[in-house]
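When a ligand or atom number is given, it counts from 1 through the structure's own listing order. FYI, the numbering just counts along the sequence from 1.
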Amino acid sequence: MKKKILVVAGARPNFIKIAPLLQELKIYNSEFEPILVHTGQHYDFQMSQIFFQELDIPSPDINLEVGSGSQALQTAKIMEAFEPVVMAHRPWLVIVVGDVNSTLACALVAAKLNVLIAHVEAGLRSFDRSMPEEINRVVTDCLSDYLFVSEESGVRNLEHEGLGDDKIFFVGNIMIDTLMTNMPAIDRSGILTNLGLRKQAYSLVTLHRPGNVDSKQAMEQIANILETIASRIPVIYPIHPRTRNLLKDHNLEERFESVEGLKMIEPLGYLEFLKLVKESLFVLTDSGGIQEETTVLKIPCLTMRENTERPVTIAQGTNCLMGLDQTKILRRCNEILSREPKMSTIPKYWDGKTAQRIVQILRTADSENHPSFQEIFQNISPP
Ligand code: UD1
Ligand code: UDP
């Protein structure tokens, strides 16, 4: 009998993570029956549907259409809508990815119905409980039966929390599978011409963390930082809808629009956005995924946060933590403008084969003679 799996995705970074997983599960369609559940946490075309089109993700089998809300309301709405789905389908496994409210809500529902849970991107910790994502990560990991980890710090964190060794699988970074698969299409994107940009002659910004955008004071500081940078190099800023709404609430739209050299645009699809990252001189961000993509693309990343749950991007990659410290940010920008790169290497298993590792583990999940990971991984060809 086929193993029925509910694959959950709700927000922009989730779609990018499930694409390779669904493609790999399809290869073994005599063994697995995946059912794709979109929670509806993100719903604008540019935050959702465009990723399905570009990354060839099948249309969701079920859309819970929960939409936006406060932390508790959104989580509760997803739980309420997901419970009958799990009860109707009685899956063997629920797969959740990342650290958004959809991840936590669906893991909680599955756990209470005694359904196995796999968490892709387990073990990451910022150790900052003021971030909703950190709470989502800790609770989801605690409930999960398969903890698929993207970087070695995640293994250490999970062991430290006493989660059993037999549940922890260091499989690498699934976002990099998507990046590698789509590199030819990214290279074909005409976004630079459309925006009148030259390679290595502009910077790129994304910001959406509550710590940066919810307070007017932080947004004013950000406007000052971007103004100084834009006086030296053009800044392209695709604005997340959360931030766009808050700019209106804070009455700061005009302040941002008046900054010369700063171009604010709508959120971009995956291919255009990654093309902009790949050809930029540097990226300023508070995103999780972008810290990882810049490391692989070897583009300097200035993370406008005090901490990161992805420390390998600092230890090995191109990432530097900046907070909102204007002096520090400008010093680093000047270094980059004078072509002083940070030496970097690509982390282990960020090689485009993470979905293969995950599915091979799931294929052996029921067998009595559980092979070691080394044996499973030996069957996956080297990069
Ligand atoms: C969520 C995740 C965050 C992730 C980010 C990816 C949580 C707690 N946060 O943050 O970890 O990094 O997604 O982008 O799950 N909105 C729209 N259209 C949309 C979606 C949202 O206008 O399609 C607006 C709404 O006003 C909404 C606000 O953005 O209230 C915030 O959306 P929400 O999904 O709650 O959180 P994000 O900030 O997007
Ligand atoms: N991204 C995109 N278009 C944009 C901004 C980001 O396609 O305009 C991609 C980005 O390359 C990465 C993912 O969205 O793959 C990250 O999403 P986000 O920053 O919203 O979430 P986080 O990773 O912080 O949870």
Looking only at protein heavy atoms, which one is nearest to [atom], and what is the separation?
{"atom": "atom 8 (O) of ligand 2", "result": "Leu268 N, 2.9 Å"}
{"atom": "atom 1 (N) of ligand 2", "result": "Phe273 CD2, 3.6 Å"}
{"atom": "atom 31 (C) of ligand 1", "result": "Arg242 NH1, 3.5 Å"}
{"atom": "atom 26 (O) of ligand 1", "result": "Asn245 ND2, 3.0 Å"}
{"atom": "atom 16 (C) of ligand 2", "result": "Ser287 OG, 3.8 Å"}
{"atom": "atom 8 (C) of ligand 1", "result": "Asn101 OD1, 3.2 Å"}
{"atom": "atom 22 (O) of ligand 1", "result": "Pro241 CB, 3.3 Å"}
{"atom": "atom 9 (C) of ligand 2", "result": "Ile16 CD1, 3.9 Å"}
{"atom": "atom 11 (O) of ligand 2", "result": "Glu293 OE1, 2.7 Å"}
{"atom": "atom 6 (C) of ligand 1", "result": "Pro13 CD, 3.4 Å"}
{"atom": "atom 18 (N) of ligand 1", "result": "Asp44 OD2, 3.0 Å"}
{"atom": "atom 16 (N) of ligand 1", "result": "Tyr43 OH, 3.5 Å"}
{"atom": "atom 25 (O) of ligand 2", "result": "Pro13 CG, 3.5 Å"}
{"atom": "atom 7 (O) of ligand 2", "result": "Phe51 CE2, 3.3 Å"}
{"atom": "atom 17 (O) of ligand 2", "result": "Arg12 NE, 3.6 Å"}
{"atom": "atom 12 (O) of ligand 1", "result": "His208 NE2, 2.8 Å"}

Sub-4.0 Å atoms of ligand 2 with respect to non-hydrogen atoms of [X]:
{"X": "Gly288", "answer": "22 (P), 23 (O), 24 (O)"}
{"X": "Pro267", "answer": "8 (O)"}
{"X": "Pro238", "answer": "8 (O)"}

Go through ligand 1 atom by atom and flag the ones less than 4.0 Å from a non-hydrogen atom of [X].
{"X": "Glu133", "result": "3 (C), 9 (N), 11 (O)"}
{"X": "Ser68", "result": "25 (C), 27 (C), 30 (O)"}
{"X": "Met47", "result": "23 (O)"}
{"X": "His240", "result": "14 (O), 37 (P), 38 (O), 39 (O)"}

Quiz item: Of the choices Arg209, His42, Arg12, which has the non-hydrogen atom that lies closest to atom 32 (O) of ligand 1?
Solution: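 Among Arg209, His42, Arg12, the closest heavy atom to atom 32 (O) of ligand 1 belongs to His42.
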Self-check item: Nearest-option assignment for atom 34 (O) of ligand 1, heavy atoms, candidates Gln41, Glu134, Gln49
Solution: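 Considering heavy atoms of Gln41, Glu134, Gln49, the nearest to atom 34 (O) of ligand 1 sits in Gln41.
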With a 4.0 Å cut-off on N to O distance, would you call [X] and [Y] a salt bridge?
{"X": "Arg125", "Y": "Glu161", "answer": "yes"}
{"X": "Glu272", "Y": "Lys275", "answer": "no"}
{"X": "Lys3", "Y": "Glu31", "answer": "no"}
{"X": "Asp351", "Y": "Arg357", "answer": "yes"}
{"X": "Arg137", "Y": "Glu121", "answer": "no"}
{"X": "Asp249", "Y": "Lys216", "answer": "no"}

Quiz item: So, is the end of the Arg12 side chain (NZ or CZ) under 6.0 Å from the ring centre of Phe51 and within 45° of the ring's axis?
Solution: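 No, a cation-pi geometry is absent between Arg12 and Phe51.
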Indicate, as side chain, backbone, both or neither, the part of [X] found under 4.0 angstrom from ligand 2 when only non-hydrogen atoms are considered.
{"X": "Ile290", "value": "side chain"}
{"X": "Leu274", "value": "side chain"}
{"X": "His208", "value": "side chain"}

Quiz item: Are Asn182 and Leu274 side-chain neighbours, meaning at least one heavy-atom pair lies under 4.5 Å?
Solution: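 Heavy-atom side-chain distance check fails, nothing below 4.5 Å.
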Quiz item: Does the side chain of Phe282 reach to within under 4.5 Å of the side chain of Val277, using non-hydrogen atoms?
Solution: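 Sidechains of Val277 and Phe282: no contact.
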Quiz item: Is there at least one pair of N or O atoms, one from Gly289 and one from ligand 2, spaced under 3.5 Å apart?
Solution: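 The answer is yes, given that Gly289 and ligand 2 share an N or O pair closer than 3.5 Å.
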Exercise. Report the residue from Glu134, Arg310, Arg305 that forms a side chain to side chain donor-acceptor pair (under 3.5 Å) with Ser126.
Key: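 Of the listed residues Glu134, Arg310, Arg305, the side chain to side chain donor-acceptor pair (under 3.5 Å) partner of Ser126 is Glu134.
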Self-check item: Partner of Asp214 under side chain to side chain donor-acceptor pair (under 3.5 Å), chosen from His250, Arg209, Arg242
Solution: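 For Asp214, the side chain to side chain donor-acceptor pair (under 3.5 Å) test succeeds with only one of His250, Arg209, Arg242, which is Arg242.
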Practice problem: Please report the shortest heavy-atom distance between Leu207 and Asn212, naming the atom on each side. | Solution: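 Closest heavy-atom pair between Leu207 and Asn212: CD2-ND2, 3.9 Å.
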Quiz prompt | Shortest non-hydrogen contact between Glu151 and Pro311, atoms and distance | solution =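 Distance-wise, the nearest heavy atoms are OE2-CD, 3.1 Å.
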Quiz item: Without hydrogens or angle criteria, can the side chains of Asn224 and Gln326 be said to hold a donor-acceptor pair below 3.5 Å?
Solution: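 There is no such pair between these side chains.
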Practice problem: Scan side-chain atoms only and decide if Lys342 and Thr318 contain a donor-acceptor pair under the 3.5 Å cut-off. | Solution: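 No, no side-chain donor-acceptor contact under 3.5 Å.
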Quiz prompt | Audit row: Glu227, Arg255, salt bridge (charged side-chain N to carboxylate O under 4.0 Å, His left out) steps and yes/no | solution = CA-CA 10 Å; Glu227 188 163 49; Arg255 167 76 182 99; 2.9 Å; yes
Practice problem: Could you check whether the rings of Tyr28 and Phe32 sit parallel, tilted or perpendicular, using 30° and 60° as the cut-offs? | Solution: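 Ring orientation of Tyr28 relative to Phe32: perpendicular.
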Practice problem: Please state whether the rings of His42 and His240 are parallel, tilted or perpendicular, taking 30° and 60° as the class boundaries. | Solution: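 Taking His240 first and then His42, their aromatic rings stand perpendicular (interplane angle over 60°).
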Against ligand 2, does [X] come closer than 4.0 Å with any heavy atom?
{"X": "Arg209", "value": "yes"}
{"X": "Met175", "value": "yes"}
{"X": "Gly269", "value": "yes"}

Self-check item: Min N/O separation Gln71 to ligand 1 under 3.5 Å
Solution: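 Checking ligand 1 against Gln71, no N or O pair falls under 3.5 Å apart.
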Quiz item: Looking at Val8, Val86, Leu6, which hits side-chain contact (heavy atoms from CB on, under 4.5 Å) with Cys106?
Solution: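 Result: among Val8, Val86, Leu6, Val8 is the only option passing the side-chain contact (heavy atoms from CB on, under 4.5 Å) with Cys106.
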